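Heavy-atom basis, side chains included; hydrogens, waters and symmetry copies ignored. The model shown is predicted, which means the values in this text are computed figures rather than measured ones. Throughout, protein chains are lettered first and strands after them, A, B, ... in sequence-line order, and every chain is numbered starting at 1.
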2 protein chains.
Amino acid sequence: MRIGELAERTGTPRRMLRYYEEQGLLVPDRSPNGYREYCERSVDRVLQIRGLLDSGLPTRVIKQILPCLKQPRSIHVAGATLETITTLERERERMTQRIECLIRSRDAISDYLEAVRGARRPAGAGGPERPAAADYDLAVSA
Amino acid sequence: MRIGELAERTGTPRRMLRYYEEQGLLVPDRSPNGYREYCERSVDRVLQIRGLLDSGLPTRVIKQILPCLKQPRSIHVAGATLETITTLERERERMTQRIECLIRSRDAISDYLEAVRGARRPAGAGGPERPAAADYDLAVSA
DNA sequence: CTTGACCTTCACACAGATGTGATGGTTGGA
DNA sequence: TCCAACCATCACATCTGTGTGAAGGTCAAG
């Protein structure tokens with residue numbers, strides 16, 4: 001498939017697909033006319049890239065992680081440099097920290113939303129607009 | 001405590017603490033001489049901010065999330081605008097996606113590392129250096 | 001009083017991810 | 001044949017989070 005289709009199927013601007021390639025995250029073939037030609041697996045790959053970027057990982061790190069996610073059932077153990085392994089271990093640790101931070105915050109948001117819903121009496125249900133902001137504290141038995 | 005101590009205790013450059021304040025994430029008191037004065041809870045708050053920033057959230061979003069994490073046992077239900085609630089729900093969803101993406105990738109890294117360790121025979125244990133990179137595939141029964 | 005270690009504000013610089021547009025080649029259908 | 005819809009490269013701009021440093025105020029200790 002060409003860049004346009006991949007862009008559409010992944011919801012990614014063409015610009016970004018070229019950028020990821022420039023960063024070495026994507027290596028499409030080229031048609032005789034110079035057009036980029038992507039394989040089917042590129043779709044998941046791009047989705048992975050975007051997810052990791054959105055989770056705060058820089059392309060440089062994603063580039064090192066991607067080989068671990070290659071295709072299912074086949075793990076590419078290439079150039080397993082001591083240094084690469086160390087990097088992966090370090091990044092895995094950082095990812096764990098991120099996960100913990102995100103889970104903590106997400107749960108806190110959930111608690112908050114639940115508390116707000118509890119506090120929202122359907123009393124003033126008549127008006128869908130409540131312009132002035134309420135400002136009070138809720139004691140919660142954690 | 002003043003900015004220097006907070007910086008040291010959180011491992012954060014002073015520059016960043018001022019920046020977070022500029023973005024409305026931190027609101028320290030001011031001493032009569034103009035120095036910023038932080039309370040004890042600022043330490044955790046800064047750590048939270050940094051963790052979320054590192055997880056890909058922009059300050060604009062963190063600003064909306066922070067009130068949910070305020071102090072333990074007391075949830076501040078302030079200005080619970082319909083719009084704020086909607087935003088929080090949306091961001092919570094995105095955080096969940098990030099978490100899933102990170103977990104998937106982290107697990108893949110773990111599998112990879114395990115496979116590499118398995119492949120690393122202590123056979124050539126004599127030489128601590130193995131300059132040339134091995135390049136092969138491992139079939140793994142997922 | 002002076003020195004050094006703090007603090008203030010301000011401003012410019014940078015890197016990374018992304019937006020936008022100019023300029024031009026390829027290709028397939030009206 | 002010519003137009004529309006793709007594609008290519010290149011260059012510049014933007015936004016965010018950071019780094020760095022200048023110019024100057026505060027304060028405690030020598």
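Between B:Gln48 and A:Ser105 the shortest heavy-atom distance is OE1-OG, 3.4 Å.
Dashed line: the shortest gap from a side-chain N or O of A:Arg2 to OP1 or OP2 of D:dC6 is not under 4.0 Å. Close to D:dT9, at under 4.0 Å from its OP1 or OP2, lies a side-chain N or O of A:Arg30. Proximity of B:Thr59 to the phosphate of D:dG17: a side-chain N or O atom is located under 4.0 Å from OP1 or OP2.
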Worked check of salt bridge (Lys or Arg N to Asp or Glu O under 4.0 Å) between B:Arg36 and B:Glu22: CA-CA 13 Å; B:Arg36 290 173 176 80; B:Glu22 185 183 312; over 6 Å; no

Salt bridge (Lys or Arg N to Asp or Glu O under 4.0 Å) for B:Arg60 and B:Glu91? Distances and angles first, verdict last. CA-CA 11 Å; B:Arg60 174 181 41 79; B:Glu91 289 304 328; 5.4 Å; no

Test salt bridge (Lys or Arg N to Asp or Glu O under 4.0 Å) applied to A:Arg117 and B:Glu89, step by step: CA-CA 12 Å; A:Arg117 283 192 219 292; B:Glu89 282 171 339; 2.4 Å; yes

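Contacts between chain A and DNA chain C, taken as any atom within less than 4.0 angstrom of a protein heavy atom, begin and end at C:dG16 to C:dT27.
The distance between atom CG of B:Leu25 and atom C1' of D:dG17, rounded to the nearest whole Å, is 12 Å. Rounded to whole angstrom, the span from the CG atom of A:Leu17 across to the C1' atom of D:dA8 amounts to 14 Å. Separating the CG atom of A:Asn33 from the C1' atom of D:dA5 is a distance of 14 Å, rounded to the nearest angstrom. Atoms CD (B:Gln23) and P (D:dC15) sit 13 Å apart, rounded to a whole Å.
When each of B:Asp54 and A:Arg36 is assigned the nucleotide of DNA chain D with its nearest heavy atom, A:Arg36 is the one assigned upstream, toward the 5' end. DNA chain D is contacted by both B:Tyr20 and A:Arg18; A:Arg18 maps to the nucleotide lying nearer its 5′ end (nearest heavy atom per residue). Take the nearest nucleotide of DNA chain C for A:Arg15 and for A:Tyr35: the residue whose nucleotide is more 5' is A:Arg15.
Note that CG of B:Asp111 is 9.5 Å distant from SG of A:Cys68, once rounded to the nearest 0.5 Å. Between B:Ile65 atom CD1 and A:Tyr112 atom OH the span is 11.5 Å, to the nearest 0.5 Å.
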